[in-house]
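Scroll down for the structure; my scribbles are underneath it.
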Amino acid sequence: LSLKFGDIGNLKGLVIRFLLTTSYYQLSVQNWFSLHRLQLLYNHSIQATFNATRIYAPASYSYHCEHVSSLQRYDALLIPSSANDLSKLWEVTFIDFQIQGFNIQEGHFAYAKDCASFFSPAILMGMVMSLILLLVLAYALHMLMHLKSLDRHYECKAAPAYFAQMKDNDMGDEKEPLRSSGSESYEFRNQQHCKIYI
């Protein structure tokens with residue numbers, strides 16, 4: 001697949017060439033295409049070649065990525081093929097890159113396989129926080145299930161209580177001696193005696 005730009009500044013006949021390959025994989029039972037190599041041509045000769053990594057999709061799909069670049073800050077999907085050619089002098093970056101080499105229908109891209117990883121740092125941090133919250137919730141439920149209620153161990157029994165009778169002295173007759181020196185007791189049956197077992 002070639003993109004021909006013509007003359008741009010000092011570059012005469014600039015062409016960006018994508019070399020695509022297709023292969024059949026028995027595990028997925030379908031054909032997959034991959035971007036094998038990227039070449040930059042001007043002045044009617046190949047000036048730089050980059051090997052592509054991890055740029056692939058099912059043959060009936062297209063491939064999409066926010067950045068396809070030779071720069072490390074964009075994950076460097078394009079790697080210079082050799083240290084001897086001029087690839088080291090080039091920095092190539094495609095923004096909002098989408099490509100489909102096979103099974104194109106009505107001139108539109110098919111469903112895109114995106115390059116976004118399923119385990120990005122944000123998703124990984126969210127999973128770790130969710131795991132911590134689940135552990136806290138499980139610990140709280142465990143403590144609630146083993147919490148002992150006082151209602152099960154609270155026992156009240158009606159027990160008789162004995163109080164000594166207190167006899168008031170007759171204030172009218174101060175000279176009269178006490179009539180009885182014995183102690184009398186009464187039973188107070190409405191008193192409850194409670195025991196708490198812990």
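Leu1 and Tyr56 fall into different hydrophobic clusters, defined by Ile, Leu, Val, Met, Phe, Trp and Tyr side-chain heavy atoms under 4.5 Å apart, directly or through other members. Using a 4.5 Å cut-off between side-chain heavy atoms of Ile, Leu, Val, Met, Phe, Trp and Tyr, with links allowed through other members, Trp90 and Ile55 fall into the same hydrophobic cluster. Leu141 and Leu135 end up in different hydrophobic clusters when Ile, Leu, Val, Met, Phe, Trp and Tyr side chains are linked at under 4.5 Å. In the hydrophobic clustering of this structure, Ile99 groups with Val92; members are Ile, Leu, Val, Met, Phe, Trp, Tyr whose side-chain heavy atoms approach within less than 4.5 Å, directly or through other members. Both Phe97 and Leu14 belong to a common hydrophobic cluster when Ile, Leu, Val, Met, Phe, Trp and Tyr are linked at side-chain heavy-atom distances under 4.5 angstrom.
The backbone N or O of Ser81 sits nowhere less than 3.5 Å from a side-chain atom of Thr49 that would complete a donor-acceptor pair. For Ser2 (side chain) and Lys4 (main-chain N/O), no donor-acceptor pair under 3.5 Å exists by modelled atom type. Formation of a donor-acceptor pair under 3.5 Å by the Gln100 side chain with backbone atoms of Ala110 is found in this model.
Between Val68 and Cys65, the shortest heavy-atom distance links the atoms CG2-CB, 3.8 Å. For the residue pair Pro80 and Phe50, the shortest heavy atom distance occurs at N-CD2, 3.7 Å. Of all the heavy atoms in His64 and Ala112, the pair that sits closest is CB-CB, 3.8 Å. Counting all heavy atoms, side chain and backbone alike, Lys12 lies closest to Gly9 at NZ-O, 4.0 Å. Across Ala57 and Ser62, no two heavy atoms sit closer than the pair CB-O, 3.8 Å.
Atom CZ of Phe109 is surrounded by more than 12 heavy atoms from other residues, nucleotides or ligands within 6.0 Å. Open room surrounds OH on Tyr25; 12 or fewer heavy atoms of other groups in view lie less than 6.0 Å from it.
Under 3.5 Å, the side chains of Glu91 and Ser70 contain no donor-acceptor pair of N or O atoms. Of the N and O atoms on the side chains of Asp96 and His67, not one donor lies less than 3.5 Å from an acceptor on the other residue.
Residues in residues 129-145 take part in no side chain to side chain donor-acceptor pair (under 3.5 Å) pair, two or more places apart or across chains.
With values rounded to the nearest 0.5 angstrom, Gln98 atom CD is found 9.0 Å from Asp114 atom CG. Distance check: Ser87 OG to Gln39 CD gives 9.5 Å after rounding to the nearest 0.5 Å.
Between Phe18 and Phe94, the ring centre distance stays below 6.0 Å.
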Cut-off 3.5 Å, no hydrogens considered: what does the side-chain donor-acceptor table look like for residues 30-38, sequence neighbours left out?
unit_1	atom_1	unit_2	atom_2	d
Trp32	NE1	Ser28	OG	2.9
Ser34	OG	Thr21	OG1	3.0
Arg37	NE	Asn51	OD1	3.4

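With contacts defined as side-chain heavy-atom distances shorter than 4.5 Å, the pair Arg54/Cys115 does not qualify. In this structure, the side chains of Tyr42 and Phe5 stay at 4.5 Å or more apart for every pair of heavy atoms.
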